[in-house]
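Index from 1, following the sequence.
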Amino acid sequence: MEKRSFTWRAWAPDCIERNGKYYFYYPVDAGKIGVAVGNTPYGAFSDPLDSALIHTHSRGVVCERDFIDPCVFIDDDGQAYLYMGQLVVNAIRLNGDMISYDGEVHQLEGTDDFFEAVWMHKYRGKYYLSYAAVSG
């Protein structure tokens with residue numbers, strides 16, 4: 001597989017290690033989430049897809065504003081998930097290669113006040129979803 005230089009402007013990214021590689025997820029143009037891969041957490045990173053991993057026109061995505069702020073989470077069973085969005089939390093189940101997903105996009109329930117900056121973690125067997133909320 002040819003690796004291309006990572007040239008997209010990225011902000012509000014998330015990065016995680018898996019199988020000796022670092023996967024850097026980042027929003028582009030407020031409508032796409034890209035992924036780049038590196039051997040260290042500080043790069044250099046390359047774009048294995050030469051396009052977005054997921055975007056506002058991907059089947060199943062609900063996007064009422066910007067498509068930003070990716071958060072990657074690996075559960076205890078090794079399954080990886082990616083959360084992203086603004087006003088609506090979209091979630092995908094990443095495949096083992098960390099650069100593709102199973103094709104289904106889910107919107108999380110119970111997040112009516114979600115604005116941006118989603119973060120998933122697990123503590124003592126409970127899942128916690130944190131985010132910046134819309135003040136009402």
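The closest side-chain heavy-atom distance from L87 to V134 is below 4.5 Å. Two residues are said to be in side-chain contact when any heavy atoms from C-beta on lie closer than 4.5 Å; I74 and R18 meet this criterion. Looking only at side-chain heavy atoms (C-beta outward), Y83 and N90 stay at 4.5 Å or farther from each other. With contacts defined as side-chain heavy-atom distances shorter than 4.5 Å, the pair E17/Y23 does not qualify. Within the 4.5 Å cutoff, no side-chain heavy atoms of L94 are placed close to those of Y81.
Considering all non-hydrogen atoms of both residues, A91 and L108 come closest at CB-CD2, 4.1 Å. Listed here is the closest heavy atom pair of T56 and F67: CG2-CB, 3.6 Å. Between F45 and G38, the shortest heavy-atom contact is CD2-N, 3.4 Å. Taking both residues in full, the closest heavy atoms of P27 and P70 are given as CD-CD, 3.6 Å, listed atom of the first, atom of the second, then distance. When all heavy atoms are compared, the tightest approach of M98 to V72 is CE-CG2, 4.2 Å.
To the nearest 0.5 Å, atoms CG (L82) and CG (D14) are separated by 8.0 Å. Of the inter-residue distances, the one linking I54 atom CD1 with Y25 atom OH reads 11.5 Å to the nearest 0.5 angstrom. Atom NZ of K21 sits about 10.0 Å away from atom OG1 of T40, to the nearest 0.5 Å.
Linking ILVMFWY residues whenever their side-chain heavy atoms come closer than 4.5 Å, directly or via other members, places I33 and L49 in the same cluster. The hydrophobic cluster containing I92 does not contain V89, counting ILVMFWY residues as joined when their side-chain heavy atoms lie under 4.5 angstrom apart, directly or transitively. In the hydrophobic clustering of ILVMFWY residues, with side-chain heavy atoms under 4.5 Å counting as a link, M84 and V88 come out apart. One hydrophobic cluster holds both V35 and I16 under the rule that ILVMFWY side chains link at heavy-atom gaps under 4.5 Å.
For R93, the salt bridge (Lys or Arg N to Asp or Glu O under 4.0 Å) partners two or more places apart in sequence, or in a different chain, are D102.
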Expected list for residues 113-120: side-chain donor-acceptor pairs under 3.5 angstrom, two or more places apart:
residue	atom	partner	partner atom	Å
D113	OD1	Y131	OH	2.7
E116	OE1	Q86	NE2	2.9

For residues 57-64, tabulate all N or O donor-acceptor pairs below 3.5 Å that involve a side-chain atom, not counting sequence neighbours.
residue	atom	partner	partner atom	Å
S58	OG	H55	N	3.0
S58	OG	H55	O	3.2
R59	NH2	G103	O	3.4

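Side-chain rings of Y22 and F24 stay apart, their centers remaining 6.0 Å or farther from each other.
Side-chain contact check for D75 and Y127: at least one donor-acceptor pair (N or O, by modelled atom type) lies under 3.5 Å.
More than 12 heavy atoms of other residues, nucleotides or ligands lie within 6.0 Å of OH in Y128, so this atom counts as buried by the packing criterion.
Judged by distance alone, the side chain of D97 and the main-chain N or O of S100 form a donor-acceptor pair under 3.5 Å.
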